[in-house]
Amino acid sequence: VQLQASGGGLVQAGGSLRLSCAASGSIFSINHMGWYRQAPGKQRELVARITSGGSPNYADSVKGRFTISRDNAKNTVYLQMNSLKPEDTAVYYCNANIRRYSGDYVSYDYWGQGTLVTVSS
């Protein structure tokens, strides 16, 4: 199983970016999917998460500015980021809890490779 993230880049404060992350490989089903970020010198933190049924939750710092969504048919999660601030600058990682069948059904957490978002002031 692989998670391939894309969509990062350089944007001015107040601008927008859309991140995408597609899961591929031997997948039976995907439970929750989410985005985390890690700024230089800081710990990785949860940005947004969405359940298999489409219920989202957000970090307080991004509520009202970021929107997480998913396309179950494409095994893809998106993060629409609006009104970006310099403090949003970080490497963004996608995460998915994926159920696989290998003699039995087991769920694992997988991570994408990270995509850099830089917001200039």
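Only this structure's heavy atoms are used, side chains among them; waters, hydrogens and symmetry mates stay out.
- With rounding to the nearest 0.5 Å, the separation of OG1 in Thr89 from CG in Leu84 is 8.5 Å.
- Under the 4.5 Å side-chain criterion, counting only non-hydrogen atoms from C-beta, Phe66 is not in contact with Leu19.
- Under the 4.5 Å side-chain heavy-atom criterion for ILVMFWY residues, no single connected hydrophobic cluster contains both Met33 and Val91.
- A cation-pi geometry, defined here as NZ or CZ lying under 6.0 Å from the six-membered ring centre and within 45° of its normal, holds between Arg18 and Tyr78.
- In this structure a side-chain-to-backbone donor-acceptor pair under 3.5 Å is missing from Ser55 to Gly53.
- The pair Lys63-Asp60 counts as a salt bridge, with a side-chain nitrogen and a carboxylate oxygen less than 4.0 angstrom apart.
- Taking every heavy atom of both residues into account, Asn95 and His32 meet most closely at OD1-CD2, 4.1 Å.
- Residues Asn31 and Ser52 bring no donor and acceptor atom of their side chains to less than 3.5 Å of each other.
- With contacts defined as side-chain heavy-atom distances shorter than 4.5 Å, the pair Ile30/Asn72 does not qualify.
- Linking ILVMFWY residues whenever their side-chain heavy atoms come closer than 4.5 Å, directly or via other members, places Tyr108 and Val77 in the same cluster.
- In this structure, Tyr93 is not a member of the same hydrophobic cluster as Val62, with clusters built from ILVMFWY side-chain heavy atoms closer than 4.5 Å.
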Practice item. Give the C-alpha distance, both sets of side-chain angles, the deciding distance and a yes or no for side chain to side chain donor-acceptor pair (under 3.5 Å) between Tyr36 and Arg44. Key: CA-CA 6 Å; Tyr36 290 71; Arg44 190 175 296 190; over 6 Å; no

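- Side-chain N or O atoms of Gln113 include one that pairs as donor or acceptor with a backbone N or O of Ala5 at under 3.5 Å.
- Under the 4.5 Å side-chain contact rule for hydrophobic residues, Val119 and Val47 share a cluster.
- Annotation for Arg49: atom CZ does not count as buried by contact number, only 12 or fewer foreign heavy atoms lying within 6.0 Å.
- In this structure, the side chain of Arg100 engages the main chain of Ser26 through a donor-acceptor pair within 3.5 Å.
- For the residue pair Tyr105/Arg99, the side-chain donor-acceptor check at 3.5 Å is not satisfied.
- In plain terms, the two heavy atoms of Ala48 and Tyr58 that are nearest each other are CB-CD2, 3.6 Å.
- If you chain together hydrophobic residues whose side chains sit under 4.5 Å apart, Leu46 and Ile68 never meet in one group.
- If you take OG1 on Thr76 and CG on Asp71, they are separated by 6.0 Å, rounding to the nearest 0.5 Å.
- Taken from CZ in Arg37 to OG1 in Thr115, the straight-line distance is 14.0 Å, to the nearest 0.5 Å.
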Point to revise | side chain to side chain donor-acceptor pair (under 3.5 Å) between Asn82 and Ser16, worked out | key: CA-CA 4 Å; Asn82 298 329; Ser16 298; 2.9 Å; yes

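- Remark: side-chain polar atoms of Thr118 are not paired, donor with acceptor, to backbone N or O of Leu10 under 3.5 angstrom.
- Closest approach of Gly8 to Leu17, counting heavy atoms only: C-CD1, 4.5 Å.
- Contact between Ala13 and Ser121 at its shortest, heavy atoms only, is CB-CA, 4.4 Å.
- To the nearest 0.5 Å, the span separating CE on Met81 from CG on Asp88 amounts to 7.5 Å.
- For the atom pair CG of Leu79 and SG of Cys94, the computed distance is 10.5 Å after rounding to the nearest 0.5 Å.
- For the atom pair OH of Tyr110 and SG of Cys21, the computed distance is 13.5 Å after rounding to the nearest 0.5 Å.
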